[in-house]
Number of protein chains: 2
Amino acid sequence: MSDQQPERVARESKRSRGGSAPTIYDIAKLAGVNPSTVSRALSQPGRINVKTEERIQAAAKELNYRVNPIARALPTGRTNTLGLFVADITNPVIFGIVRGAERAAADAGYTLVVAESQESGEREATAIERVMPSVDGLVLATSRLADTQIKQIAARKPVVVINRELEGVTGILPDVERGVDQLVAHLAELGHRSIAYVSGPETSWVSRRRWEALLAAAPKRGMTIVEIGPGVPTLDGGTAAISRVIASGVTAVVAFNDLMAIGLLRVALERGIAVPSQLSIAGFDDIFGSDFTAPALTTVRAPLIEAGERAVRHLLSRVSPQSDDRRVDVEALLPTELVVRGSTGHPLPGAGD
Amino acid sequence: MSDQQPERVARESKRSRGGSAPTIYDIAKLAGVNPSTVSRALSQPGRINVKTEERIQAAAKELNYRVNPIARALPTGRTNTLGLFVADITNPVIFGIVRGAERAAADAGYTLVVAESQESGEREATAIERVMPSVDGLVLATSRLADTQIKQIAARKPVVVINRELEGVTGILPDVERGVDQLVAHLAELGHRSIAYVSGPETSWVSRRRWEALLAAAPKRGMTIVEIGPGVPTLDGGTAAISRVIASGVTAVVAFNDLMAIGLLRVALERGIAVPSQLSIAGFDDIFGSDFTAPALTTVRAPLIEAGERAVRHLLSRVSPQSDDRRVDVEALLPTELVVRGSTGHPLPGAGD
DNA sequence: GCGAGTTTGTCAACCGGTTGCCAAATGATG
DNA sequence: CATCATTTGGCAACCGGTTGACAAACTCGC
């Protein structure tokens, strides 16, 4: 029976009436070879006779062929896509991470899916669940998930977390001590003897780390330090803390992040507190806009773009080991550094008393 | 011949040794039905006997089944993914758009792919080409592509452009006149008689529109207006324009966007020019941080989150018509409004002469 | 000129769903 | 109880690539 390839014929005829994108079958027909040969020619250069390969390439160009990533992903399981999950995409701390990640992914020919959990662990879990099957790996930048949840996810797909330490999961971490030491030294040099730390969310690993680093550094310089918080990591979280800061009698306050620091700065100025002479203020991250304030904000800069880049590059090295010769150094902590601007200065004699 | 289902058997046995995610075949086996029945039960509730459907649901739950979006996308062509393309993800104007788009997409169960062209039309074209087959539609937020290129893309997939007017392509546009009228009226009221507009990139549709609106509004209030530019839409672009602004002798300057306005503000203060008494400065967009400056920036706010939301919602209505009853009103322009802060004020007598 | 070793390209299964078609089962009706 | 209409669910093709196995064609040495 001439059961040749009825369905194939049907397909060709359907295809020939244009419309949808060209497939390797179209190329195969045009070049007079088998579809699998086309597939090899396109994805494994050298596997095929040069002459044939050229013919196929020509046909592909003529049809303006683009490989269909979805069709390719199905049998291979490789989607050439990475997922980036952030808690709040409008938080300027995120921008740098997103940019670095996007750039590193695009450079490697990968697509980046960005999802925002809007500070909700539940939303985050849902989004991850949905995206999981169609990505090769995930970057969790400011996860609101519990450690165990993250570990479960990491057991299914390669995961990199940023600013979080988790056993068995690669973390991109800042060298908190470095910047904090610089900051504390800077404040000590200016003549401050007492600091307050306005902390961020209770669950924030970063906030704890910053506090611990301050707690270790301050006594070494003969300074006292108190913690005020926890608070929400926003402008409002900063403004809300001002009373307690003032009540504490310190001459310098370090906020969990720049947003809170700016909130503090604003409300301090509103209340007629001179910055920095009556109260020095410093933040963390050096976000966009932190030099817009008057006085501009002293802050401990974190290399956010590099964090995003490194996270993605590490993920790529795990996803496609051959891709990059130079392995990403995940172990090394990201260097943080103090950026001195106008919001810190010598305390007035008697300030803070 | 008992050619029963040799391959299926092989598959099952492979699958049974765990590892990969459960499939509808696993569910089918567990529930004792055909895979196609499982597919129907899961994607067309009601098509199947209630009793059977329940059994399948139970099996799915037991196996913790998640539909594989890639496998689903292949035969249907629907990926449940949208693409968002921006020129510069660190530009604060973008943040709102991204957030609005992400939220609207997530709410509809869609995944958002974000790609950054880094101001390069070529990169943008490449990224679009790569992502195109795996998205159901695209939002171009700050495209650097030529009109004809965009039209070609729009012919292949649903496209929505933001802040750009293009025949045959849906555009989400701001009501520029509204905010500009308010701004010009505000300046006139303060006593200004001459304005300069520091324009953005030559190719920017928005910059042209803003200039046209100013050009129309200023004379109505008996004010003169000059254009200075084009310039790059960044802080540096603003600072670079200061000499020409001063030379023009105006008492008020309106910058293409907030970044340029802040650049102008900074360099003006550095040069000892009092703001606003010697020079009033205003911007556009009301980006994050535009109220951090001293004085805070007067600006024409654009509802960016809504722009992103509306873009995606419109796209969704085209992609899955049944999804939403209420159609998105794309025609309506997004209302812009003046936000008065400290950077505009009465000109000093003799200022600008 | 012939057998061994390589290269090249074809066959067909497969990834995990979706869906048109149809037969069996069920239910309604006379 | 027979007949016809309606559900219900199975079969198999299909989406567009990838890839292991293998046969045909080609190369080479003796």
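Proteins come first, then strands; the chains are lettered A, B, ... in the order of their sequence lines, and each starts at number 1.
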Subject >> Terminal helix-axis angle for the helix from C:dG1-D:dC30 to C:dG30-D:dC1, with five pairs defining each axis and rounding to 10 degrees >> reply: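 Overall, the helix from C:dG1-D:dC30 to C:dG30-D:dC1 bends by 40° from one end axis to the other.
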**OP:** Examine D:dT18: is either OP1 or OP2 under 4.0 Å from a nitrogen or oxygen in the side chain of A:Tyr25? Give yes or no.
**Re:**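 The answer is no; no side-chain N or O of A:Tyr25 sits under 4.0 Å from OP1 or OP2.
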What I want to check is whether an N or O donor and acceptor connect the side chain of [X] with the base of [N] at under 3.5 Å.
X       : N      : value
B:Thr23 : C:dC15 : no
A:Arg66 : D:dG16 : no
B:Arg40 : D:dG10 : yes

**OP:** Count the heavy atoms belonging to other residues, nucleotides or ligands that lie under 6.0 Å from CD of A:Gln44, then report whether that count exceeds 12.
**Re:**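 It does: A:Gln44 CD has more than 12 such atoms within range.
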Original post:
Listed in order of residue number, which residues of residues 45-62 of chain B have a non-hydrogen atom at under 4.0 Å from DNA chain D?
Top reply: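 Residues of residues 45-62 of chain B that come under 4.0 Å of DNA chain D are, in numerical order, B:Arg47, B:Ile48, B:Asn49, B:Thr52.
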Subject >> Under-4.0 Å salt bridge between A:Glu306 and A:Arg313 >> reply: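 Salt bridge flag = no for A:Arg313 with A:Glu306.
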Original post:
For A:Tyr110, which residues count as a ring pair (Phe, Tyr, Trp, His ring centres under 6.0 Å) partner, sequence neighbours excluded?
Top reply: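 So A:Tyr110 forms no ring pair (Phe, Tyr, Trp, His ring centres under 6.0 Å) with any residue.
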Original post:
Of all heavy-atom pairs between B:Pro133 and A:Val67, which one has the smallest distance, and what is that distance?
Top reply: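 Between these two residues, the closest heavy atoms are CG-O, 4.2 Å.
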**OP:** Take atom CG of A:Asp26 and atom C1' of D:dG17, then tell me their distance rounded to the nearest Å.
**Re:**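 Atom-to-atom, A:Asp26 to D:dG17, this comes out as 13 Å.
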**OP:** Could you tell me the separation between the CZ atom of A:Arg72 and the P atom of D:dC15, rounded to a whole number of Å?
**Re:**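 Rounded to the whole Å, the gap is 19 Å.
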Subject >> Among C:dT10, D:dT18, C:dG17, the one nearest A:Ser39 by side-chain distance >> reply: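 The listed nucleotide nearest to A:Ser39's side chain is D:dT18.
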Original post:
By a strict heavy-atom criterion of less than 4.0 Å, which residues belonging to residues 74-81 of chain B are in contact with DNA chain C?
Top reply: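 Correct list: B:Leu74, B:Pro75, B:Thr76, B:Arg78.
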Original post:
Who are the salt bridge (Lys or Arg N to Asp or Glu O under 4.0 Å) partners of A:Arg130, not counting sequence neighbours?
Top reply: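 For A:Arg130, no residue satisfies salt bridge (Lys or Arg N to Asp or Glu O under 4.0 Å) once neighbours in sequence are set aside.
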Original post:
Of all residues at least two apart in sequence or in a different chain, which pass the salt bridge (Lys or Arg N to Asp or Glu O under 4.0 Å) check with B:Arg99?
Top reply: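 Salt bridge (Lys or Arg N to Asp or Glu O under 4.0 Å) check on B:Arg99 returns A:Asp88, A:Glu116.
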